[in-house]
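Heads up: the structure comes next, in structure tokens.
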Amino acid sequence: MSSWGKQVKISIFGESHGPAIGCIVEGLPAGEAIDLDAVQAQMARRAPGQDSASTPRKEADAPQVLSGLLNGITIGAPLCAVIQNTNTHSSDYSNLLAVPRPGHSDYPAWVKYHGYNDIRGGGHFSGRLTAPLVFAGAVCRQILERKGVVLGAHALSVGTVSDSPLNPEPAALAALSTAYFPVLEAEKKDAMYREIETARAAQDSIGGVIECGIAGVPAGLGGEGMFGGVESVFSSILFGIPACKGVEFGAGFGAAKLHGSENNDPYYYDAEGHVKTRTNNAGGILGGITTGMPIVFRTAFKPTPSIAKDQQSVDLTTKENTVLAVRGRHDPCIVPRAVPVVESAAALALMNLPGILNGTAEV
Ligand SMILES: Cc1cc2nc3c(=O)[nH]c(=O)nc-3n(C[C@H](O)[C@H](O)[C@H](O)COP(=O)(O)O)c2cc1C
């Protein structure tokens with residue numbers, strides 16, 4: 001299924017080199033004004049062809065809204081948007097059905113779909129399918145912002161270069177959420193670019209980690225039974241992002257090295273009488289329920305599988321071992337373009353927490 005969500009559901013369709021890709025979003029509240037220029041600005045943050053850190057494929061990524069909006073306001077009916085594919089070089093992929101790319105979906109998809117999968121540009125497995133996800137996320141985040149929920153992400157690391165950890169203050173998150181390839185420390189961004197360029201020049205690719213923070217989430221949301229906790233909701237959509245290979249919340253895997261006395265976040269009452277914690281190792285979630293502290297999570301992105309370097313593969317038609325040289329235009333690092341994708345997935349996850357829009361939870 002390429003559908004996700006219960007309260008607000010997104011269904012994504014299309015292939016990288018088909019005529020168009022798009023989505024249908026159901027369950028959005030009626031009466032919400034949507035600024036389509038702001039949506040386009042989010043699409044532009046993810047669009048290909050931005051710089052040497054991204055694929056040279058050029059796409060305007062201008063969504064055409066077919067339903068669900070009247071005079072720029074949601075009407076309660078399914079919101080459908082279509083994004084044209086205009087800059088395809090399908091011949092670059094002609095050899096890949098027979099000789100699958102190591103690290104990509106080609107071989108398992110060939111087995112599962114008996115060779116009928118669309119291999120061109122990665123077909124339905126392509127990172128391009130995250131454009132409609134960003135469209136939907138950009139709509140959701142406008143609705144969330146009106147409820148005081150602000151989210152933003154940055155590149156925490158690329159290869160061996162690490163940025164400072166996020167301070168999830170609303171103003172800082174808002175600044176991150178409009179930038180292309182946001183990094184907190186400017187010199188670290190230069191070093192990340194160098195890391196990406198070195199990989200690209202060596203006909204290789206590189207991975208990294210994106211850290212996301214969400215401020216303004218009330219306490220007491222989520223935790224719908226043992227398997228419906230906030231981490232489960234977030235993880236299930238985040239792992240839908242191609243190349244996302246790990247998700248951790250708060251102290252995450254680092255918590256495994258701590259004592260309880262170090263990892264537990266001590267409670268206190270702030271000046272307004274709200275219950276807060278001195279630290280936030282929980283990442284804003286305990287028992288699958290929001291604590292009222294900012295939600296903080298990190299996503300690990302593997303290095304782009306399509307690399308120009310010769311790689312060992314197999315020829316599925318001759319049943320012989322062979323060497324593959326991948327052609328086509330690819331991102332040397334997925335992290336810069338995936339930042340708005342992670343934010344968008346988080347916005348959809350938030351929209352699926354019961355009570356997020358009606359303020360029923362304790363604040
Ligand atoms: C924004 C974005 C851009 C991507 N660009 C590429 C690319 O240029 N070349 C490529 O081989 N994979 C790219 N990917 C990753 C593949 O789509 C992904 O690795 C592949 O579908 C296999 O899925 P998996 O890595 O989740 O197992 C991109 C992913 C994202 C999120």
Side-chain angles (χ1 to χ4, degrees), residues 2 4 12 14-17 21 42-59 61 83 85 87-90 92-93 95-96 99-113 117-137 153 155 158 180-181 196 199-200 203-210 212 235-247 299-309 311 313 324-346 348:
S2 291
W4 183 91
I12 289 182
E15 293 86 42
S16 181
H17 288 200
I21 54 176
Q42 288 299 332
M43 304 285 296
R45 292 174 74 210
R46 191 221 67 94
Q50 314 238 4
D51 60 12
S52 61
S54 67
T55 166
R57 178 174 175 175
K58 289 271 182 204
E59 292 284 359
D61 279 358
I83 302 150
N85 292 325
N87 188 221
T88 57
H89 290 181
S90 297
D92 288 341
Y93 296 84
N95 58 333
L96 300 180
V99 183
R101 283 169 291 181
H104 213 294
S105 53
D106 306 344
Y107 172 67
W110 179 85
V111 176
K112 182 172 172 66
Y113 300 113
N117 54 302
D118 183 356
I119 203 84
R120 302 165 307 156
H124 192 63
F125 298 93
S126 170
R128 179 139 184 80
L129 274 291
T130 58
L133 182 57
V134 170
F135 169 84
V158 166
Y180 168 70
F181 193 2
I196 295 169
R200 199 192 59 73
Q203 302 188 311
D204 214 331
S205 61
I206 194 146
V209 174
I210 294 172
C212 183
S235 307
S236 67
I237 188 164
L238 289 166
F239 278 121
I241 303 173
C244 174
K245 290 293 158 183
V247 178
T299 47
F301 280 86
K302 73 183 195 183
T304 317
S306 298
I307 54 174
K309 217 175 225 181
Q311 297 175 85
S313 187
L324 174 67
V326 175
R327 298 193 298 270
R329 302 163 296 171
H330 299 280
D331 296 295
C333 181
I334 290 164
V335 167
R337 296 181 57 213
V339 171
V341 181
V342 168
E343 292 173 0
S344 299
L348 274 148

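All ligand and atom numbering here is 1-based and tracks the order in the structure.
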(request) Enter the distance from Arg337:CZ to Arg46:CZ here, rounded to the nearest 0.5 Å. (result) 4.5 Å

(request) Identify the heavy atoms of Val247 and Ser235 that sit nearest to each other, and give their distance. (result) CG1-OG, 4.3 Å

(request) Verify side chain to side chain contact (heavy atoms under 4.5 Å, CB included) between Ser54 and Tyr180, making sure each step is shown before the conclusion. (result) CA-CA 11 Å; Ser54 67; Tyr180 168 70; 4.2 Å; yes

(request) Applying side chain to side chain contact (heavy atoms under 4.5 Å, CB included), name anything that partners Arg329, two or more places apart in sequence or on another chain. (result) Thr55, Pro56, Arg57, Asn87, His89

Write none if no such pair exists; otherwise list each N/O atom of ligand 1 with its protein N/O partner under 3.5 Å and the distance.
{"from": "ligand 1", "atom 1": "5 (N)", "to": "Asp331", "atom 2": "OD2", "distance (Å)": "2.7"}
{"from": "ligand 1", "atom 1": "8 (O)", "to": "Asp331", "atom 2": "N", "distance (Å)": "2.9"}
{"from": "ligand 1", "atom 1": "8 (O)", "to": "Asp331", "atom 2": "OD2", "distance (Å)": "3.3"}
{"from": "ligand 1", "atom 1": "9 (N)", "to": "His330", "atom 2": "ND1", "distance (Å)": "3.0"}
{"from": "ligand 1", "atom 1": "11 (O)", "to": "Ser306", "atom 2": "N", "distance (Å)": "3.2"}
{"from": "ligand 1", "atom 1": "11 (O)", "to": "Ser306", "atom 2": "OG", "distance (Å)": "2.6"}
{"from": "ligand 1", "atom 1": "17 (O)", "to": "Phe125", "atom 2": "O", "distance (Å)": "3.1"}
{"from": "ligand 1", "atom 1": "17 (O)", "to": "Gly127", "atom 2": "N", "distance (Å)": "3.4"}
{"from": "ligand 1", "atom 1": "21 (O)", "to": "Phe125", "atom 2": "O", "distance (Å)": "2.9"}
{"from": "ligand 1", "atom 1": "25 (O)", "to": "Ala243", "atom 2": "N", "distance (Å)": "3.3"}
{"from": "ligand 1", "atom 1": "25 (O)", "to": "Lys302", "atom 2": "NZ", "distance (Å)": "2.7"}
{"from": "ligand 1", "atom 1": "26 (O)", "to": "Ala243", "atom 2": "N", "distance (Å)": "2.9"}
{"from": "ligand 1", "atom 1": "27 (O)", "to": "Lys245", "atom 2": "NZ", "distance (Å)": "3.0"}

(request) Check whether the side chains of His330 and Thr304 place a donor and an acceptor atom closer than 3.5 Å, and report yes or no. (result) no

(message) Ignoring hydrogens, what is the shortest heavy-atom contact between Ser313 and Leu324? Give both atom names and the distance.
(response) CB-CB, 4.1 Å

